[in-house]
Amino acid sequence: MSEEHRETGTGWPRPGEPARPSGPAGEPDPRPDAPDPDELSPLAPVPDEAAEPAEREAVPESEPEPGAAAGAGAPSAARRFSSAGAMIAVLLALLGFTLVVQFKTTSTDPTLAATREEDLVRISSDLDSRERRLRQEIELLEESQRQLRSGEQGRQAALEEATRRADELGILAGTLPAVGPGLEVRFSGPAKAVSSTRILDAVQELRGAGAEAMQIQGTDGTAARIIASTYFVDGPDGALVVDGRRLTGPFTIMVIGDPATMRTALNIPGGVVASVRDGGGNVTSEDREVVEVSQLHAPIKLDHARPVS
């Protein structure tokens, strides 16, 4: 079948187109514009002019893409795609680096990997024993720390108690000054009324009423601290000798304690105040919020008495 027949699909020429003359096989084409058979290579394809229109009809022309009209949109989209690709590549590289580092960190020690099971058991047992010893040492150190702290607290408490007792004994012994609420008691009158006996009775009444510190002072300003060993002696011309010091009347006793209790003890019927008044003298007492007992007594040296151990 000729090319013209294949084009129409029926084997006949298209309407309105003249039929091409064809000769027997091997004869030259009678058309004046036919190519020379010698110039045609047996392997070269014969140009088919009639097939070109058909191929042009079969392949439709491609339509322009929707984004082509924009022009500038395609380069920006390409840049976005390239940036995203670069970011993904960086993340993948970091992930790979992390995996490599983790693998190297958690890899087994080659020395332990090559160790026998019996040796590994022995190493584990040694580590357990060392851990137990270290824990025991920690417990011992903590116990020592607790003992030291408790001992330090005990020593501090003992020191504070000793200091308090020393202060109390110093006040009672007259070696330390004292201050506190109390009374100011003034004795005046003739020597018979304010004799050493009356003054000693007053001191005993005040002690029984809770007096904690006392001192007696004369008119001339001479004072003496009154302690447990203090003695009172009548001197010439109505004077009073207290622990070897001569005091002239009237006399004033400064005493620290509960003012109300001590005032009541002095004014009991038949007591010190009544005795002095019966002798022609007078006793006045005045409450004081702050009484200072500043006169000190020299420490007493004990020659025979010793504390019981």
Return the set of residues passing side-chain contact (heavy atoms from CB on, under 4.5 Å) with Ser144 (not counting sequence neighbours), or none when no residue passes.
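Listed in chain order: nothing, the list is empty.
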Partner residues of Leu200 under the side-chain contact (heavy atoms from CB on, under 4.5 Å) criterion, sequence neighbours left out
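side-chain contact (heavy atoms from CB on, under 4.5 Å) check on Leu200 returns Gln204, Phe232.
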Compare every heavy atom of Arg198 with every heavy atom of Ser275, then report the nearest pair and how far apart it is.
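Scanning both residues, the minimum pair turns out to be CB-NE, 3.7 Å.
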What is the minimum heavy-atom distance between Met214 and Arg225, and which atoms define it?
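Shortest heavy-atom contact: O-CD, 3.3 Å.
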Step through the shown structure and confirm whether more than 12 heavy atoms of other residues, nucleotides or ligands are within 6.0 Å of [atom1] on [X].
X      : atom1 : result
Glu184 : CD    : yes
Asp237 : CG    : no
Glu143 : CD    : yes

Check the pair Ser129, Arg132 against side-chain hydrogen bond (donor to acceptor under 3.5 Å, both in side chains), reporting the backbone distance first and the verdict last.
CA-CA 5 Å; Ser129 300; Arg132 286 193 297 269; 3.1 Å; yes
How many angstroms lie between [atom1] in [X] and [atom2] in [Y], if you round to the nearest 0.5 Å?
X      : Y      : atom1 : atom2 : result
Gln215 : Leu296 : CD    : CG    : 9.0 Å
Ile216 : Asp243 : CD1   : CG    : 10.5 Å
Arg277 : Asn282 : CZ    : CG    : 5.5 Å

Are the side chain of Thr230 and the backbone N or O of Ile227 linked by a donor-acceptor pair below 3.5 Å?
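Yes: the side chain of Thr230 pairs with the backbone of Ile227.
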Is the backbone N or O of Leu247 less than 3.5 Å from a side-chain atom of Asp220, with the two atoms forming a donor-acceptor pair by type?
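The answer is no, because no donor-acceptor pair under 3.5 Å joins these two groups.
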Quick one: side-chain hydrogen bond (donor to acceptor under 3.5 Å, both in side chains) partners of Ser196, sequence neighbours excluded?
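Partners of Ser196 under the side-chain hydrogen bond (donor to acceptor under 3.5 Å, both in side chains) test: Asp234.
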Assess the residue pair Glu168 and Arg164 against the criterion (salt bridge (Lys or Arg N to Asp or Glu O under 4.0 Å)); give the C-alpha distance rounded to whole Å, side-chain angles, the decisive distance to 0.1 Å, and a yes or no.
CA-CA 6 Å; Glu168 292 179 354; Arg164 185 184 66 83; 2.6 Å; yes
Could you give me the CA-CA distance, side-chain angles and deciding distance for Arg135 and Glu131, then say whether salt bridge (Lys or Arg N to Asp or Glu O under 4.0 Å) is met?
CA-CA 6 Å; Arg135 290 187 181 277; Glu131 181 182 1; 3.2 Å; yes
